[in-house]
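All values below were derived from every heavy atom in this structure, side-chain atoms included, with hydrogens, water molecules and symmetry-related copies excluded. Quick note on labels: first sequence line is chain A, next is B, and so on, each numbered from 1.
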There are 2 protein chains.
Amino acid sequence: MKVGYVQLEPRFGEVEGNINRALSLMEDNDADLFVLPELFNTGYIFTSRKELDELAEEIPQGKTAKALAKFSQRRGISLVAGIAERSQEGLFNSAILVSPSGVKGVYRKVHLFSQEKRFFSPGKEGFAVWDVGGVKIGLMVCFDWIFPEVARILALKGAEVICHPANLVLPWCPEAMVTRAVENRVFVVTANRIGREKRGGRELRFTGESQIVAPGGKILLRASPDREEVGIADIEPSISKDKAVTGENDLFSDRRPDLYHQLVGR
Amino acid sequence: MKVGYVQLEPRFGEVEGNINRALSLMEDNDADLFVLPELFNTGYIFTSRKELDELAEEIPQGKTAKALAKFSQRRGISLVAGIAERSQEGLFNSAILVSPSGVKGVYRKVHLFSQEKRFFSPGKEGFAVWDVGGVKIGLMVCFDWIFPEVARILALKGAEVICHPANLVLPWCPEAMVTRAVENRVFVVTANRIGREKRGGRELRFTGESQIVAPGGKILLRASPDREEVGIADIEPSISKDKAVTGENDLFSDRRPDLYHQLVGR
């Protein structure tokens, strides 16, 4: 299976241009599953709830989901992408999983970063894994990386490939995602954005370095910090099913959930 | 507060020599809390349960605990050390916390590595934190590093400094402990051993690189891979109490234990 990240520099508010740029980069490359960054179609720094509400889209009726679904169907491939979601329950920083048959899954970011909290609601549905052509795909978004619970839960639910759209500004995520791949023995595809965004008195620089990490922590590919680029790796997802670190250690059967109750205490 | 690791090369079975070597290295240095490696007094590769039983010691009556307690009292400092524990409940790969008033805490390693499972029993008491002079100390041993649950639980219980005796043979731990310090915002002191051990048809090379990492992931000190050495850092443990990553993100209050039930499921 060929999986790829699409590292982009979205322009704030230029939804159609951003979609076209993403499609164009994917058109020129060949993979079974592409991962796009968080909020790839809208850009990141919203300055009002009204602005977010106007740019957010319904899933699957919105134009971004429709454009991705059309591309996915035509090419016979799957996509994961971060988009702002408008729904009756609120506005969410979501990732969608699109397969040739349409939108297959939606994950609403649980752990919102910084000023995202002003306008987005946190997801309350938790973490899920979907089957795409026999491969179990888990979704998480950006700042979820710092909570080890997220990748752990996705892996416990059977995720073989964790797809991780991101708009990173802190420096530690690439190495932390290696740890996630070591401790859970899963593939991790992080698709980060690049460039600067300056809006409403804030300026952020996004760090690129999108990457694909194999179970056990080998970095298969890591992108530049500052260029738009696509990276594709040929992987065998089912090796994620083997949680053995030594002949005597299986990372999942060695867990001691009877001693972990503190993790769900209040 | 000055915390230090003591990176040693224990000689298998030479308990008195190993104790004296450790005391000598600590005598020549000045810290409030020293961390020694896992099984620092016995060496690592036991070839029979009988051999382990003979070298294991009761806590606090055994000679190692007594020697450490005496040193601790004389110098007015605290120590963490990995030793093989013999008790009525079995044989454990334990870490002890010794303060000038005596043995303050014992942690029995929960996640046993490789052939440790042949002769040691896993701890069933779970993870604990002790107060030493107003500083909260958490203990974990070696392979516990790969289970994010362990450092997480210690931090949730209030650990400001996690002391981590180790006999590492896999390569990923130093970077993973940086992730532990980032995701939990605690200090982590890993005291690893060095050298090779060849016994009973097995040969292991231990990787050194003991380290002290600050909340947020800064590596304050990292030792060589192959020399006996002591490293001491002057730290302010109470900064561990602040779990803020941004003005809007506190790593602990941002957690969503209501969505984490999978972690304790069976």
Side-chain angles (χ1 to χ4, degrees), chain A residues 110-118 122-127 143-157 169-185 216-218 245-249 251-252 254-266, chain B residues 110-118 122-127 143-157 169-185 216-218 245-249 251-252 254-266:
Chain A
V110 166
H111 303 97
L112 296 172
F113 181 69
S114 188
Q115 299 196 23
E116 294 169 26
K117 292 185 179 187
R118 291 174 67 192
K124 53 182 186 294
E125 295 81 9
F127 312 98
F143 192 54
D144 284 329
W145 69 264
I146 207 169
F147 299 86
E149 292 86 353
V150 181
R152 182 61 123 198
I153 289 168
L154 292 173
L156 287 171
K157 289 192 165 196
V169 295
L170 301 176
W172 310 290
C173 177
E175 288 311 311
M177 294 311 283
V178 172
T179 299
R180 302 289 172 249
V182 167
E183 70 201 12
N184 294 300
R185 297 191 82 78
K218 185 174 180 194
V245 186
T246 71
E248 297 78 20
N249 291 101
L251 285 187
F252 280 10
D254 279 353
R255 293 180 74 244
R256 290 288 303 274
D258 57 311
L259 299 176
Y260 298 162
H261 48 88
Q262 185 92 24
L263 296 175
V264 294
R266 277 290 190 181
Chain B
V110 165
H111 303 97
L112 296 172
F113 181 70
S114 188
Q115 299 196 23
E116 294 169 26
K117 293 185 178 186
R118 292 174 65 192
K124 54 182 185 292
E125 295 80 10
F127 311 98
F143 192 54
D144 285 328
W145 71 263
I146 207 169
F147 299 87
E149 292 86 354
V150 181
R152 182 61 124 199
I153 290 169
L154 292 173
L156 288 171
K157 289 192 165 196
V169 295
L170 302 177
W172 310 290
C173 178
E175 289 311 311
M177 293 311 283
V178 172
T179 298
R180 303 290 172 247
V182 167
E183 69 201 11
N184 294 300
R185 297 193 81 79
K218 186 175 179 193
V245 187
T246 70
E248 298 79 20
N249 291 103
L251 285 188
F252 280 11
D254 279 353
R255 293 180 74 244
R256 290 288 303 274
D258 57 311
L259 299 176
Y260 298 162
H261 48 89
Q262 186 91 24
L263 297 174
V264 295
R266 277 290 190 181

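The structure places CZ of Arg256(A) at 12.0 Å from CD of Glu149(B), a figure rounded to the nearest 0.5 Å. Phe113(A) contributes atom CZ, which lies 10.5 Å from atom CG of Asp254(B) (distance to the nearest 0.5 angstrom). Once rounded to the nearest 0.5 Å, the distance linking CG of Leu263(A) with CD of Gln262(B) reads 13.0 Å. Distance check: Leu259(B) CG to His111(A) NE2 gives 7.5 Å after rounding to the nearest 0.5 Å.
Listed options Glu116(B), Arg152(B), His261(B) were ranked by heavy-atom pairs under 4.5 angstrom with chain A; first place goes to Arg152(B). Interface summary for chain B: among Pro122(A), Pro171(A), Gly216(A), the most heavy-atom pairs under 4.5 angstrom belong to Gly216(A). Counting heavy-atom pairs closer than 4.5 Å to chain B, the top residue among Ala176(A), Gly247(A), Gly217(A) is Ala176(A). Ranked by heavy-atom pairs under 4.5 Å with chain A, the list Thr246(B), Ile146(B), Val110(B), Asn184(B) is led by Ile146(B). Contact tally against chain B (heavy-atom pairs below 4.5 Å) for Val150(A), Thr179(A), Leu112(A), Leu156(A): the top residue is Thr179(A). Among Glu175(B), Arg118(B), Lys157(B), Lys124(B), the residue with the largest count of heavy-atom pairs under 4.5 Å with chain A is Lys157(B).
The shortest non-hydrogen separation linking Pro148(A) to Pro148(B) is CB-CB, 3.7 Å.
Heavy atoms of Gln115(B) lying under 4.5 Å from chain A belong to its backbone as well as its side chain. Only the side chain of Phe127(B) comes within contact range of chain A, judged by heavy atoms closer than 4.5 Å. Using a 4.5 Å cut-off between heavy atoms, Leu170(B) contacts chain A through its side chain alone, with no backbone atom that close. Looking at Val178(B), neither its backbone nor its side chain comes within 4.5 Å of chain A, counting heavy atoms on both sides. For chain A, the nearby part of Arg180(B) is the side chain; its heavy atoms alone come within less than 4.5 Å.
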With side-chain contact (heavy atoms from CB on, under 4.5 Å) as the test, would you mind laying out the steps for Tyr260(B) and Ile153(A) before giving the verdict?
CA-CA 7 Å; Tyr260(B) 298 162; Ile153(A) 289 168; 3.8 Å; yes
Please assess Asn249(B) against Lys117(A) for the test side-chain contact (heavy atoms from CB on, under 4.5 Å), listing each intermediate value before the final yes or no.
CA-CA 9 Å; Asn249(B) 291 103; Lys117(A) 292 185 179 187; 3.7 Å; yes
